[in-house]
Amino acid sequence: MFRRVFKAFHYRDFRLLWGGACTSSIGTWMQELAQNWLVLEISGSPFWLGLDSFLGEIPIFILSLVGGVVADRMDRRKLLVMSQLVQMTSAFTLTVLIATGYVRIWHILVLSGVVGTAQAFGGPAYQALVPSLVDKEDLPNAIALNSIQFNLARVIGPVLGGLALTHLGAAWCFGLNGISFIAVIISLLLLHINFQPKRTGESMLTSMKQGIGFIRNQGAMVGLIGIAFCMTALAIPMITFLPVFAKDVFRAGPQTYTFFLASSGVGSVAGALTVAALGNVANKGRVALVMLICLGTGVAAFALSKNVVLSCAMLFLSGAFMMGAFAMISSLVQLITANEMRGRVMSVYNVAFRGGMPLGSLLAGLLVPRFTAPYVIAANGLLLVAMASYFLLFQRRVAAL
């Protein structure tokens, strides 16, 4: 069982990338916790929290298609290294601004946009790189293990970030995140990459049209991408507005916020481990849709909970089902995509998956002051249940995969 769960670790390059990415993700979550709390503390308004999330994600929505074309035309490792360097510089810039007392809300918003732009090019390159590190039959396991590293970071990062924020101050969270990028840069430089991009005289627009045409001809691919968008647009605002639940609903401080983030992260690790253990399971589409129904139920239950322990339990279950559905959907997209089209296809998937985050967070940020966070997030959960039920019972292309 142990060897089956961690099968992709037999590949040297995958181990290297996994370790570097995990270290960097821990730093990113430390900064995420500190940044959300800092924005709420400086502005005193949930709207600015939603706007910060929007500005961090909207460049991914706008530029990922270009990033996907670039990922199919150049060395994906070099593109990733450049993306990491930009993000590292942004983290160190905020560290200096906070440490010197000059930080303002607009500094945070602008640098969120810069980081989002770097991720718009790094994201498709990273997603296209992972399948080249393992054999095709081990790809679902690699995707699940990759989800585990991200979600281990969601557990470890907020705990370390909460301790650093409480005892050392926000500047330490940003500074340690900057240092963490060194690990992923080193791991990228040590990889043995086989991908050699083909020379082409085609324009960027023509290459993008080829990627979109490939997606339209794959039947269920459009449904998978639509589901990815709805999943993040409706589920991620629960994570974005955890500071509001901790501070305004439960009248608590950073410690409760840390518990909330850690509960969601532990659940995500459990969900990813379950998917890794299942391996190349049949009926991935049907399993993913059932998980999405469970996710929506968990989101609604968390939103209406009045007890911290129950809220943590619902966050655990929601995290597990979210990561299980994500791993299943990502595996389906990767398995039906040719390597020479992978950067472009994954950029469209990235636009949908990441694009739902800013739009969902911005809309929730506008609605929360009027209707309160519990009602808005509960409505999101119910809409998620309705969407997954539609694809499971009526529009069955995804369910048939």
Side-chain angles (χ1 to χ4, degrees), residues 24-64 66-67 80 82-124 126 150 153-154 157-158 161 164-165 169-181 184 232-233 236-244 257 261 350-351 353-366 368:
S24 180
S25 293
I26 290 172
T28 298
W29 276 101
M30 291 180 69
Q31 175 167 322
E32 182 83 7
L33 180 141
Q35 185 163 321
N36 286 346
W37 196 262
L38 190 63
V39 167
L40 196 59
E41 193 173 65
I42 292 174
S43 68
S45 170
F47 169 76
W48 292 100
L49 192 63
L51 181 61
D52 182 52
S53 177
F54 174 82
L55 291 174
E57 298 292 341
I58 198 62
I60 297 168
F61 187 77
I62 295 172
L63 298 174
S64 273
V66 177
L80 271 168
M82 289 188 287
S83 172
Q84 303 305 307
L85 288 171
V86 172
Q87 294 177 69
M88 181 172 67
T89 302
S90 297
F92 283 138
T93 300
L94 274 173
T95 302
V96 173
L97 288 171
I98 296 167
T100 56
Y102 285 105
V103 70
R104 299 292 183 269
I105 190 70
W106 70 267
H107 294 140
I108 300 172
L109 298 178
V110 168
L111 287 171
S112 289
V114 171
V115 169
T117 301
Q119 291 178 350
F121 289 88
Y126 183 86
F150 178 77
R154 284 185 63 198
L165 179 63
W172 279 86
C173 296
F174 290 85
L176 289 170
N177 179 41
I179 293 171
S180 74
F181 284 106
V184 71
T232 54
I236 293 301
M238 177 184 69
I239 306 298
T240 302
F241 287 91
L242 285 180
V244 177
Y257 175 39
L261 277 178
N350 213 31
V351 166
F353 186 79
R354 297 293 295 269
M357 299 181 191
L359 297 178
S361 295
L362 184 65
L363 181 60
L366 293 171
V368 163

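Side-chain contact of Gln87 with Ser83: a donor-acceptor pair under 3.5 Å is present, judged by distance alone.
For Ser90 (side chain) and Val86 (main-chain N/O), a donor-acceptor pair under 3.5 Å exists by modelled atom type. Looking at Ser361, its side chain never comes within 3.5 Å of a backbone N or O of Phe54 through a donor-acceptor pair.
Looking only at side-chain heavy atoms (C-beta outward), Phe92 and Ile179 come within less than 4.5 Å of each other. The closest side-chain heavy-atom distance from Phe181 to Leu85 is not below 4.5 Å. Between Ile42 and Ile108 there is a side-chain heavy-atom pair separated by less than 4.5 Å. Counting heavy atoms from C-beta outward, Glu32 and Leu261 have side chains that stay 4.5 Å or more apart. Inter-residue side-chain proximity for Ile98 and Leu38 is flagged as met; some heavy-atom pair is nearer than 4.5 Å. For the pair Leu55/Val110, no side-chain contact is recorded, criterion being any heavy-atom separation below 4.5 Å from C-beta on. Annotation: side chain of Asn177 is not in contact with side chain of Met30 (no heavy-atom distance under 4.5 Å). Side-chain contact check for Asn36 versus Tyr257: some heavy-atom pair is nearer than 4.5 Å.
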Between Met357 and Ile60, is a side chain to side chain contact (heavy atoms under 4.5 Å, CB included) present by the stated rule, with each step listed? CA-CA 10 Å; Met357 299 181 191; Ile60 297 168; over 6 Å; no
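What you find for Phe241 and Pro46 is that their closest heavy atoms are CE2-O, 3.9 Å. The minimum heavy-atom distance between Thr240 and Pro243, with the atom names listed, is O-CD, 3.3 Å. Between Trp29 and Gly157, the shortest heavy-atom distance links the atoms CB-CA, 4.0 Å. The two atoms that bring Cys173 and Ala34 nearest to each other are CB-CB, 3.6 Å, heavy atoms only. The shortest heavy-atom contact between Ser64 and Pro124 is O-CG, 3.9 Å. The two residues Asp52 and Ser112 come nearest to each other via the heavy atoms OD1-OG, 2.6 Å.
Atom CG of Leu242 is separated from atom CH2 of Trp37 by 11.0 Å, given to the nearest 0.5 angstrom. Note that the CG atom of Leu366 and the CG atom of Leu363 stand 6.5 Å from one another [nearest 0.5 Å]. Ser45 contributes atom OG, which lies 9.5 Å from atom CG of Leu51 (distance to the nearest 0.5 angstrom). Ile58 contributes atom CD1, which lies 10.5 Å from atom OG1 of Thr117 (distance to the nearest 0.5 angstrom). Rounded to the nearest 0.5 angstrom, Gln35 CD and Leu165 CG are separated by 12.0 Å. Atoms CD1 and CG, on Ile236 and Leu359 in that order, are 13.0 Å from each other to the nearest 0.5 Å.
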